[in-house]
Amino acid sequence: MTMRKISISELSRVEGIGSVEIFINGKKVRDVRVKLIEGLRFLELIPRGLLYKEVPGIVSRICAICYASHAIASSMALEKALSIKVDRRDKMLRELLLYGELLESHALHVYFLIAPDIYDELDFIELYKKDKSLVKEGFMLVKLGNMLREIIGGRPIHGLNIIPGGFVKRPSADSIDKVLEITENIVESSLILERMLKCYPEAGPMEGSVAIATGDHYLYGNRLITSTGKESKNYRVILEEQTEEYSHAKSALHSGRPAVVGAISRVLLKEKFLSREARELLNSIEHDQKYITYNVICQGAEIVEALERILSILKELSKLNVETHIEEPYPKKFSGEGFGYIEAPRGVLVHHYLVEDLILSKANIITPTAINQKSMERAVHNHVETLIFNKGSLNENDVISCAEQIIRAFDPCISCSVHVCFIK
Amino acid sequence: MGDNLKNTYLGAPARVLEVENLTSIEKLYTLRFLDNDINNKFNFIPGQFVMFNVPGIGEFPVSICSSPTRTGYLQLCIRRAGRVTKYVHENIVEGSIVYIRGPYGNGFPLEEMKNSPIVLVAGGLGMAPLRSILLYHLDTQHFSDLYLFYGVRNYELMLFKREIRTLLRGYYNVHVYLSFEDIDRGARELIRLYRKSIVRGMVTDALEVLRGSVPFEESYAVMCGPPVMYKFVVKKLLDLKVRPDRIYMTLERRMKCGIGKCGHCIVGTSTSIKYVCLDGPVFTYWDVLSTKGLIE
Amino acid sequence: MKLKMAIFELTGCGGCELTFIMLNEKLEDILELYDIAHFKMISSKEDLHKYDVAVVAGSVSTERDLKVLESARKKSRILLALGTCAVHGGPQSLILDEDLEGALAEIYGKKVPKEMKIFAGTPISEYVKVDVEIPGCPPESNDLFQALVDLAHGVVPYKWDYPVCLECKINETECVLVKRGIPCLGPITLGGCNAVCINLGIGCIGCRGPLPEDVNIPSEYEILKSLGISEKTIKRKLRMFSKRVSLNDHEKNLYK
Amino acid sequence: MHYKKLPKEFLEEFINRLRKWGEVHAPQKKGKNTYFFSRLDDPSKVQIDYTRTVIPPTKKYVLRPVEPLMLFHGDRAEEHTLRTTKLVLFGVHACDINALKILDRVYLSEPRDPYYEIRRKNIVIIGISCMPDDYCFCKSMGTDYAMSGFDLFLHELRDGYLIRVGSPMGHEITWNISDILEEVSEEDIEYLKKFEKQRLSSFKRHVDISAMPDILDLAYNSRVWERYSERCLGCGNCTLVCPTCRCFETYDVWLSVNTSMRVRRYDSCFMVSHGLVAGGHNFRPTRLDRFRHRYYCKSYFDPIHGINCVGCGRCDEFCPAGIKHIEVLNEVIGEIYGR
Ligand SMILES: Cc1cc2nc3c(=O)[nH]c(=O)nc-3n(C[C@H](O)[C@H](O)[C@H](O)COP(=O)(O)OP(=O)(O)OC[C@H]3O[C@@H](n4cnc5c(N)ncnc54)[C@H](O)[C@@H]3O)c2cc1C
Ligand code: SF4
Ligand code: SF4
Ligand code: SF4
């Protein structure tokens with residue numbers, strides 16, 4: 001029997017440029033290759049030689065959708081390296097910012113990229129022609145997320161306000177009150193979200209993948225934990241590097257098994273942190289957890305979670321007296337090494353730096369999509385094989401649309417992924 | 001000088017009555033104000049300009065190329081040169097509404113020139129403001145004689161072809177000389193018909209050819225053309241013995257207001273700051289001598 | 001009649017594409033004027049015929065980027081470069097061709113990806129004619145809006161040439177450079193961002209790229225040097241976002 | 001002139017009473033030592049001995065940095081209507097008051113600028129005396145003392161302020177608040193004299209302007225221009241903060257698909273496009289041309305108002321390249337003198 005090759009030259013409705021190749025031999029899938037082929041951005045090499053303060057603003061350029069996660073992870077790594085203290089209020093603001101970004105990123109994915117799959121449209125613009133309310137809801141949530149990124153991060157995209165030690169300037173009381181009012185209105189309104197997610201079909205079985213997340217806090221932590229029960233403060237114990245000649249992103253494995261990170265891993269490993277509202281949403285939707293599509297349901301729950309958290313943090317902040325001008329935090333050491341682990345919207349993000357005399361000398365960044373790369377291949381593999389098994393024959397278009405849907409469910413961010421560089 | 005219109009920056013709405021293609025890059029627009037009162041009141045001196053305001057797109061200065069003797073309408077010759085003029089060429093058609101304010105600038109000192117011979121030296125688009133004087137003279141016989149020297153790259157790019165051909169045929173005290181850098185079909189035809197009036201080369205060559213035949217010593221000279229032209233023409237005119245105080249030229253600068261506020265047209269040095277829109281656009285040779293940077 | 005627009009992504013962070021979403025309510029206005037025929041990031045639609053406007057975001061960093069760019073140019077009447085990566089090359093353009101091999105070895109070790117030819121990040125204008133440029137990292141969504149509405153009306157969008165300082169002054173912000181000795185690239189960087197970073201109290205890092213015409217890099221270099229910053233850091237700062245900034249012989253091995 | 005005295009303890013009361021004539025705007029602080037005029041809600045926040053603001057108040061409040069001019073709906077145009085509030089500018093320095101006269105000459109000469117005119121009419125100016133710092137050279141320009149152009153002018157005394165009343169409006173104010181004012185005493189006049197003497201001797205920078213316009217003109221090709229223009233970044237900061245620079249740019253902004261707005265905003269002759277005309281010809285193509293142009297424009301001797309620069313020192317303070325206006329002038333002048 002001859003080998004067949006089915007390929008998707010460019011994935012649509014994902015962030016960045018990627019393609020897929022599926023090799024089939026008879027009823028068996030021989031190989032699946034997810035190729036993250038966006039050009040290289042070298043963002044670990046570029047900030048070398050810069051003053052430590054300037055690093056978060058440059059590495060945030062890795063990704064526009066989750067720039068704040070990058071900037072915060074970077075700041076946290078630098079804080080560890082140089083023993084810089086962070087004020088409690090700044091920690092609150094960071095959490096608020098991360099939830100804002102989570103909201104923005106998930107809403108973009110769920111409402112604009114996934115919803116067309118559910119309603120069988122090619123994009124949200126077509127969807128808008130039929131159903132304005134759904135797209136408007138998406139815009140409302142994205143806008144709130146961006147507003148938070150603007151007032152705390154300094155700009156909706158690539159703001160420079162985030163520095164090691166906190167922020168250059170804190171948001172004014174006025175802007176906090178304004179966002180609070182908007183958030184209250186959104187939380188009070190009833191969302192279409194749940195109804196929509198109930199119609200989302202299951203696909204992409206994930207047998208064999210290991211879920212990984214940060215410990216300690218829902219959105220960050222000092223250590224990484226896995227569904228196999230392992231945990232470590234050193235990411236290199238949990239994640240093993242690997243280069244594929246066909247992809248620009250390095251992938252990561254855990255004990256030789258594909259790893260998965262993102263909303264699904266957070267929910268599976270850290271459900272206890274979630275609010276009642278988020279858990280209610282999870283419980284109301286029947287969706288098998290073994291499929292990667294469950295990731296989207298988890299994103300839905302995290303949207304609800306983010307709204308609740310944003311509301312409560314804003315309420316707390318509006319009671320505190322948050323003066324906008326702050327003294328610049330200073331480092332206690334001039335050289336050192338540090339890790340920063342964050343749950344970016346798409347999962348575990350690692351920043352690792354070496355600083356010498358306040359100047360960055362080496363950097364290593366591992367992004368969620370790079371970690372997920374192997375799991376994507378595995379999920380497509382499993383799914384296509386079941387498809388052939390069930391249907392007997394194989395329609396190329398079916399395979400393509402399924403594979404696209406499965407990869408989309410991971411919410412890959414290819415721009416992020418193409419910078420992996422392990423320090424040897 | 002002053003503002004005929006009430007609102008300083010908005011101008012008054014005017015309707016485009018006619019659009020005529022003069023060349024591939026220049027069009028002649030004939031306009032009339034919607035408000036009849038303004039039509040009757042609107043008065044200007046040749047050499048003055050108006051601001052041409054296209055709603056939502058932008059505004060630019062443009063010389064009036066019709067004559068004040070012909071009232072009720074206004075003619076503007078517009079070259080496609082940039083953002084707004086490109087839009088005008090492509091989208092402003094018969095019936096379109098634009099806003100016009102002005103007239104601005106000083107204009108030519110016609111009273112002083114009365115009954116003297118006048119030499120008009122035009123280069124390219126510089127014909128536009130000079131046409132206003134030409135038409136004025138045709139209607140009023142203001143000068144004793146009018147000599148028009150018009151230099152243009154080729155016949156294809158020549159403005160007001162019909163009118164100039166009529167004058168070439170011979171007209172009482174108006175004498176037309178053309179110079180072409182390239183001889184295309186139209187130019188060849190003109191050379192065949194009016195050999196004595198056509199010179200191959202620059203406008204300065206045409207002036208040179210007519211040395212002795214034109215009473216330069218008594219004439220007023222007025223010139224308008226692209227920035228590079230002035231230096232050479234002034235030199236030639238002085239060489240032909242035109243009196244320095246009788247040489248006039250009209251100049252161009254970037255203008256955002258036309259009324260001496262926006263500062264873009266300021267020229268000169270510490271002894272001689274001038275606004276092209278207020279103190280000009282018509283300047284004398286004396287102004288050029290005392291104001292550095294005026295023509296270069 | 002509506003115009004046809006296509007958005008193409010080359011190598012970048014996705015921020016430029018995101019500015020479309022950031023148009024929020026104004027996206028409706030744009031959809032009144034344009035049909036979006038191709039936009040991989042948000043749509044599975046494929047319309048591969050001629051376009052009136054092609055928006056290209058990201059730098060040319062791979063063979064695939066170049067192919068996409070060339071076909072975008074061939075198929076479109078107006079080509080709009082969106083974002084600093086497309087206009088100036090972006091951060092990735094710091095790694096020059098001669099550095100490439102070393103950089104790749106440093107990232108991947110021996111097993112370098114072979115699937116596709118990789119270039120140093122390059123502004124798209126080095127390969128094709130660009131009609132409109134909107135720099136910015138990220139570009140301002142209002143700039144995009146203005147340009148798209150302009151183009152739909154048949155007007156050439158404005159091409160500004162003022163530095164960040166102008167907006168900084170208009171906002172009456174404290175000049176961080178002269179008052180606090182914080183390095184600021186505002187004087188040589190194209191304005192249009194409303195000087196957001198200086199409003200926060202940080203120096204401009206030059207993310208909108210250098211002024212289009214006259215830009216005095218040597219003088220800015222001297223200013224930064226007088227603040228006690230090391231030569232290496234200055235060079236890196238100046239070249240961070242734009243391949244167009246020329247530092248002459250200092251350019252080699254900038255990344256090391 | 002009519003004179004009054006305001007005891008120091010009534011300063012805040014005085015400011016509060018001024019609200020009757022309009023919204024009070026006064027110098028306030030930003031960051032470490034940057035001053036700017038803005039609405040004064042709390043009189044104790046006023047920075048009465050500020051050095052200089054970024055944008056001069058006299059420019060900022062009459063010629064807005066960014067200002068809509070008109071609105072268009074399709075081809076229908078309408079003027080942007082101004083809703084001006086009456087303003088009291090408290091604490092304007094003499095140089096800025098003198099600079100306003102130069103702006104007035106430009107914007108109130110026919111045809112008048114309607115936006116400027118309306119704003120100008122609605123402003124009450126309360127000047128205040130000051131001590132020169134390292135940047136000031138207003139004395140050389142003859143603008144260190146305001147003889148007109150204000151409604152009230154406050155001179156610091158040991159225990160209060162001597163008020164010069166410069167207009168009928170000023171008189172109306174003092175007449176209305178006469179309960180907190182006193183008459184000027186001999187002692188106050190002595191103090192004023194001493195203050196003025198000290199002020200005049202505190203200037204650190206000087207330039208001789210008597211033949212300056214001619215000397216500069218003659219030095220058109222001086223190497224000094226070249227040397228400094230190599231350092232100049234062409235950023236335009238010096239023109240933006242100058243109280244007598246008033247170039248503006250206009251442009252149209254789309255508000256929606258078919259409505260737009262024409263806006264004007266401060267411009268600077270340091271921008272390359274400033275001297276560009278049709279056909280792509282630029283009258284000031286090099287930085288040297290633009291650099292020199294600014295000095296010529298600022299040093300122009302106007303037969304009525306004198307030199308176009310009032311010596312406020314803003315351009316020096318805000319130049320990132322550290323170019324000092326007066327140093328450049330002195331070097332050019334010195335060169336011609338044969339130094
Ligand atoms: C007193 C006076 C009288 C005039 N009379 C006439 C007349 O009778 N007829 C006429 O056609 N014109 C006349 N003009 C010239 C006319 O005003 C200009 O052609 C017009 O302003 C061009 O406007 P625009 O918006 O189309 O061009 P703009 O877009 O403003 O551009 C103006 C010129 O600047 C250059 N330019 C602009 N942007 C750039 C850039 N980014 N890079 C490089 N170059 C650039 C272009 O070369 C362009 O030609 C007159 C000007 C003056 C001052
Ligand atoms: S802070 Fe930077 S951008 Fe602002 S005026 Fe100073 S140098 Fe210019
Ligand atoms: S030129 Fe300089 S010193 Fe003179 S008025 Fe302007 S800003 Fe002040
Ligand atoms: S502020 Fe200084 S550097 Fe900037 S344009 Fe003026 S003189 Fe040049």
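The basis for the numbers below is simple: all heavy atoms, side chains too, and nothing from hydrogens, waters or symmetry mates. Naming convention: chains lettered A, B, ... in sequence-line order (proteins, then strands); numbering from 1 in each chain.
Only the backbone of Val54(B) comes within less than 4.5 Å of a heavy atom in chain D; its side chain stays farther off. Only the side chain of Asp267(D) comes within less than 4.5 Å of a heavy atom in chain B; its backbone stays farther off. Of the atoms belonging to Arg246(D), heavy atoms from both backbone and side chain fall under 4.5 Å from chain B. Lys256(B) touches chain D through backbone and side chain together, each having a heavy atom under 4.5 Å away. Contact annotation for Ser109(D): both backbone and side-chain heavy atoms come within less than 4.5 Å of a heavy atom of chain B. Residue contact with chain D, scored on non-hydrogen atoms closer than 4.5 Å, involves the side chain of Tyr275(B) exclusively. With a 4.5 Å cut-off on non-hydrogen atoms, Arg284(D) touches chain B through its side chain but not through its backbone. For Cys265(B), no part sits under 4.5 Å from any heavy atom of chain D, backbone or side chain. Contact annotation for Tyr296(D): both backbone and side-chain heavy atoms come within less than 4.5 Å of a heavy atom of chain B.
In this structure, the side chains of Arg112(D) and Ile259(B) stay at 4.5 Å or more apart for every pair of heavy atoms. Considering only heavy atoms from C-beta on, His293(D) stays 4.5 Å or farther from Val267(B) through its side chain. Inter-residue side-chain proximity for Thr269(B) and Leu216(D) is flagged as unmet; no heavy-atom pair is nearer than 4.5 Å. Using a 4.5 Å cut-off on side-chain heavy atoms (C-beta onward), Ser270(B) and Tyr295(D) make no contact. The side-chain heavy atoms of Glu59(B) and Asp252(D), taken from C-beta on, include no pair separated by under 4.5 Å. When side chains are defined from C-beta on, Pro227(B) counts as touching Phe283(D), because their heavy atoms get closer than 4.5 Å.
Between the CD1 atom in Ile57(B) and the CG atom in Asp75(D) there is a gap of 11.0 Å [rounded to 0.5 Å].
Every residue meeting the salt bridge (charged side-chain N to carboxylate O under 4.0 Å, His left out) condition with Arg105(D), not counting sequence neighbours, appears here in chain and number order: Asp302(D).
With chain B as partner, the option from Arg76(D), Glu249(D), Met261(D) having the largest number of non-hydrogen pairs under 4.5 angstrom is Glu249(D). Counting heavy-atom pairs closer than 4.5 Å to chain D, the top-ranked of the candidates Gly260(B), Gly293(B), Gly58(B), Ser272(B) is Gly58(B). Considering only heavy-atom pairs separated by less than 4.5 Å from chain B, the leading option among Tyr251(D), Phe301(D), Trp254(D), Tyr107(D) is Tyr107(D). The residue among Arg79(B), Arg253(B), Arg83(B) with the most heavy atom pairs within less than 4.5 Å of chain D is Arg253(B).
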Q | Step-by-step side chain to side chain contact (heavy atoms under 4.5 Å, CB included) determination, Glu78(D) to Leu10(B) | A | CA-CA 8 Å; Glu78(D) 86 191 41; Leu10(B) 182 56; 5.8 Å; no

Q.
Apply side chain to side chain contact (heavy atoms under 4.5 Å, CB included) to residues Phe248(D) and Cys257(B) and explain how you reach the verdict.
A. CA-CA 9 Å; Phe248(D) 64 76; Cys257(B) 68; 4.0 Å; yes

Q: Evaluate the side chain to side chain contact (heavy atoms under 4.5 Å, CB included) criterion for residues Lys261(B) and Tyr116(D): first the C-alpha distance (whole Å), next the side-chain angles of each, then the deciding distance (0.1 Å), finally the verdict.
A: CA-CA 11 Å; Lys261(B) 314 290 184 223; Tyr116(D) 185 97; over 6 Å; no

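When each of Ile215(D), Asp217(D), Leu218(D) is paired with Thr271(B), the side-chain contact (heavy atoms from CB on, under 4.5 Å) condition holds for Asp217(D) and for no other.
For CZ of Phe232(B), the number of neighbouring non-hydrogen atoms (other residues, nucleotides, ligands) closer than 6.0 Å is 12 at most.
Judged by distance alone, with hydrogens and angles left aside, the side-chain atoms of Lys292(B) form no donor-acceptor pair with the main-chain N or O of Tyr220(D) at under 3.5 Å.
Nearest approach of Pro55(B) to Gly74(D), heavy atoms of both residues: CB-O, 3.6 Å. The shortest heavy-atom contact between Met70(D) and Asn53(B) is SD-ND2, 4.0 Å.
There is a side-chain donor-acceptor pair under 3.5 Å between Tyr9(B) and Asp113(D).
Ring pair His264(B)/His274(D) is parallel by interplanar angle, where below 30° counts as parallel and above 60° as perpendicular.
Close approach to chain D, defined as a heavy atom under 4.5 Å from one of its heavy atoms, is seen in no residue of residues 120-132 of chain B.
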